[in-house]
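Reading through the structure tokens given below for one structure.
What you see below is based on every heavy atom in this structure, not just the backbone, and it leaves out hydrogens, waters and symmetry mates. What you see is a predicted model, and the numbers here were worked out from it, not measured in a lab. Chain A is the first sequence line, chain B the second, and so forth, proteins listed ahead of strands; every chain is numbered from 1.
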Amino acid sequence: MDERKPEERKADVTCDSASSSTSFDFIRTIIERDRADGKNEGRVHTRFPPEPNGYLHIGHAKSICLNFGIAAQYKGLCNLRFDDTNPSKEDVEYVDSIMEDVRWLGFDWADRLFYASDYFEQLYQYAIGLIESGKAFVCDLSAEEIREYRGTLTLPGRESPYRGRTVRENLDLFKRMRDGEFEDGSRTLRAKIDMASGNINMRDPVIYRIQRTSHHRTGDDWCIYPMYDYAHCCSDSIEGITHSICTLEFEDHRPLYDWYLEQLGIFHSQQIEFARLNLTYTVMSKRKLLQLVEEGYVTGWNDPLMPTISGLRRRGFTPESIRNFCDTIGVAKRDSTVSIDLLNHCLREDLNKRAPRVMAVLHPLKVVIDNYPEGRSEEVEAVNNPEDPEMGSRMLSFSKEIYIEKSDFMEDPPGKFFRLSPGREIRLKHAYFIKCESVVKDDLTGEVKELHCTYDPETGSGQAPDGRKVKGTLHWVSAEDGVKATVRLYQHLFTSEDPGAAGDFKETINSDALEELTDCVVEPVLTDSSPGDHFQFLRNGYFCTDTDSRPGAPVFNRTVGLRDSWAKIQNK
RNA sequence: UGGAGAGUCGUCCAACGGUAGGACAGCUGACUCUGGAUCAGCCGAUGGGGGUUCGAGUCCUCCCUCUCCAGCCA
């Protein structure tokens, strides 16, 4: 009984009295029903089946979270299986990166790492069975001819002239295909189904093709390789996969998936299709991502601008935030495009709890505190994270010259500007109130070069003894021990919410997506950070140390900005 | 009359035939040594027409719109 309600994740949701308000997505609904029916003895076994022909992206994360998540929820298993049936596009580089990314996301396939290529011999034997039962034949039509014979979406196809070969002849020819007697592309093994089917996948699909390409795992053992439709369902069957979850574009392939398993009479996995993830301002197809990499629009698969798992990781995303995002978006069958804002929300939610706060000035403006004693410096205490007292505090040194953010000063401010301006007093975070007394400008350009302020020694606690208030609190870095740093700011990679909508997606690439600031000044603690460390740069956003960072020359990526209500006011 | 699938707030996801709910975004306000966080409130949807029913987002029917499929890719 208990195992019928394994909603562990939602266990802490109030389940008051009779009406259990738990709702399942359509996949879990199917699984619940299957379990209730005793199908597969109640077993739940899924798999994540990437083709190693590119890096994983956030869309894959949705599938990974679904497959591994469902397995965990129902105390089942989830395999990692590489769908490596096309050696011309695949590479070990991708195999390695995929494993790294799945692990980083927090999932574990234990000892269940498989490759479709593990099953090549079994698949070959199955194919012989198909030939023997008259369900497959060797076809001598060229690729072009097959296309012609296939018909069109509205017109039925014609049967191959080789469709009537005897079992004996097919067996002989298929063996010789394997033995390498024929040219690449000269023959195929095809299923004998229905050339008039409205479903083009059923018009005698190719099962095996001849291709002399070294395979990254099987080397030159094979010169024939099975097609996806055939290899995938058989692999699922061999592994005892109960629920084979894939994306919507394979819906049309399900009849073929079922056909192969039925003809073969082997364990029948159930294919279930869901809508793939689309994100605003993002392209998600591996083909397009490959193009961005190969044509140099980004620095690589792990460019922080990329929606790849490795790109998001370098950008500073956490696995928790991605998993939480995948839970939040749910799963359904309708095409949808999730707002990138939701991803960013999940990110901030996580980082807000865990990222230590530090001060970093991105666009420094020097401030001289005229009444602060020359040569003196003092230590002030700064909490590391107001959300989590356990993260403790650190000491900062404060002295006569500091830097503040250029945008925190306006000579002639509009009404709702709460920051520094001539004659106005603000608070320096963790330190004193200062008041702007005068402005030093460049004679030629009029640019503000330096501010002269006075501080109130009585306000060291952050409060004024006389009770006077300030509107704003600014972050700052002491000029004396601030460390110079490079900071990379990112915008969306595309200027269009739907990059592919109006023709070529590359035309909507945002050439200003990366802005590199080389004159930033950060707190000295940041010199010790290592790649991947997360921080909140107070009032600026969440940042992480980049892999390009070097001792004495730190580099940070802005992972995501803070919600900025001042920016909203300005935009009105 | 090619086949398959899908239509619920701006966006995602919910709703045994029984008060259309949540999240993000947006807008107010409160609070704050981050214009952050937090809290409170507001805004806002069943593609259309018929039908069944005491009652329809849900069932039937007709229509409309959108997505996918013509690789020896996956």
* **Pairing pattern in dot-bracket form [Watson-Crick, G-U; both distances under 3.5 Å; | = partner strand] for RNA chain B** => .((((((..((((....[..)))).(((((.......)))))....(((((..]....))))))))))).....
* To do: Determine yes or no for a side-chain-to-main-chain donor-acceptor pair under 3.5 angstrom, with A:Glu405 supplying the side chain and A:Leu362 the backbone.
  =>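 Yes: the side chain of A:Glu405 pairs with the backbone of A:Leu362.
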* To do: For A:Val331, report the nucleic acid contact type (base, sugar-phosphate, nothing); a contact means any heavy atom under 4.0 Å.
  =>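 The residue A:Val331 makes sugar-phosphate contact but no base contact.
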Could you tell me how far [M] sits from [N] if I compare only their [atom1] atoms? Round to whole Å.
| N | M | atom1 | value |
| --- | --- | --- | --- |
| B:rA23 | B:rA40 | P | 10 Å |
| B:rG21 | B:rG44 | P | 13 Å |
| B:rC62 | B:rU1 | P | 13 Å |
| B:rC31 | B:rC39 | C1' | 8 Å |
| B:rG7 | B:rG57 | P | 16 Å |
| B:rU34 | B:rC68 | C1' | 48 Å |
| B:rC42 | B:rG51 | P | 37 Å |
| B:rC24 | B:rA14 | C1' | 15 Å |

Step through the shown structure and confirm whether more than 12 heavy atoms of other residues, nucleotides or ligands are within 6.0 Å of [atom1] on [X].
| X | atom1 | value |
| --- | --- | --- |
| A:Glu144 | CD | no |
| A:Arg276 | CZ | no |
| A:Lys333 | NZ | yes |

Going 5' to 3' along [range], which nucleotides have protein heavy atoms under 4.0 Å from the base (write B), which only from the sugar-phosphate (write S), and which from neither (write -)?
| range | value |
| --- | --- |
| nucleotides 66-74 of chain B | -SBBBSBSB |
| nucleotides 23-39 of chain B | -SSSSS----BBBBS-- |
| nucleotides 43-48 of chain B | ------ |

Angle class for the [X]/[Y] ring planes (parallel below 30°, perpendicular above 60°, tilted otherwise)?
| X | Y | result |
| --- | --- | --- |
| A:Phe82 | A:Tyr115 | parallel |
| A:Trp476 | A:Phe398 | perpendicular |
| A:Tyr281 | A:His492 | parallel |

Nearest-angstrom distance from the residue atom [atom1] of [X] to [atom2] of [N]:
| X | N | atom1 | atom2 | answer |
| --- | --- | --- | --- | --- |
| A:Glu251 | B:rA4 | CD | P | 11 Å |
| A:Ile272 | B:rG5 | CD1 | C1' | 15 Å |
| A:Arg276 | B:rG5 | CZ | P | 19 Å |
| A:Arg203 | B:rA4 | CZ | P | 13 Å |
| A:Ile193 | B:rG3 | CD1 | C1' | 15 Å |
| A:Arg28 | B:rA14 | CZ | P | 11 Å |

* Asked: Please walk me through it: do A:Ser496 and A:Asp498 pass side-chain hydrogen bond (donor to acceptor under 3.5 Å, both in side chains)?
  -> CA-CA 5 Å; A:Ser496 163; A:Asp498 184 1; 5.9 Å; no
* Asked: Do A:Phe417 and A:Trp566 have ring centres separated by under 6.0 Å?
  ->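 Yes - the distance between ring centres of A:Phe417 and A:Trp566 falls below the 6.0 Å cut-off.
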* Go through A:Gln270 and A:Tyr257 one step at a time and tell me if the side-chain hydrogen bond (donor to acceptor under 3.5 Å, both in side chains) criterion holds. => CA-CA 9 Å; A:Gln270 178 185 4; A:Tyr257 184 104; over 6 Å; no
* Asked: Is the base of B:rG50 syn or anti, if syn means a glycosidic angle within 90° of 0?
  ->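 Here B:rG50 takes the anti form, which means its glycosidic angle is more than 90° from 0.
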* Asked: Is the closest side-chain heavy-atom distance between A:Val525 and A:Val358 below 4.5 Å?
  ->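 Result yes, sub-4.5 Å side-chain heavy-atom pair found.
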* Within residues 189-200 of chain A or reaching into it, pairs that qualify as side-chain hydrogen bond (donor to acceptor under 3.5 Å, both in side chains) - sequence neighbours excluded ->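 Listed once each, the pairs are A:Asn199-A:Asn201.
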Between protein and nucleic acid, restricted to nucleotides 15-19 of chain B and to nitrogen or oxygen atoms under 3.5 Å apart, what atom pairs and distances do you find?
none

* Do NZ/NE/NH1/NH2 and the carboxylate oxygens of A:Arg209 and A:Asp184 come within less than 4.0 Å? ->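 A salt bridge is absent here (no side-chain N lies under 4.0 Å from a carboxylate O).
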* To do: Determine, stepwise, if the pair A:Asp350 / A:Thr318 fulfils side-chain hydrogen bond (donor to acceptor under 3.5 Å, both in side chains).
  => CA-CA 8 Å; A:Asp350 187 41; A:Thr318 58; 2.4 Å; yes
* Would you please say whether a donor-acceptor pair under 3.5 Å links the side chains of A:Tyr119 and A:Glu239? =>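 A pair is found: one side chain offers a donor N or O, the other an acceptor, under 3.5 Å apart.
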* Any chance the side chains of A:Tyr455 and A:Glu425 put a donor and an acceptor closer than 3.5 Å? ->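 Checked: A:Tyr455/A:Glu425 side chains show no N/O donor-acceptor pair below 3.5 Å.
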* Assess A:Arg427 against A:Phe433: is NZ or CZ under 6.0 Å from the centre of the six-membered ring, and within 45 degrees of the ring's axis? =>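 Pair A:Arg427/A:Phe433 does not count as cation-pi.
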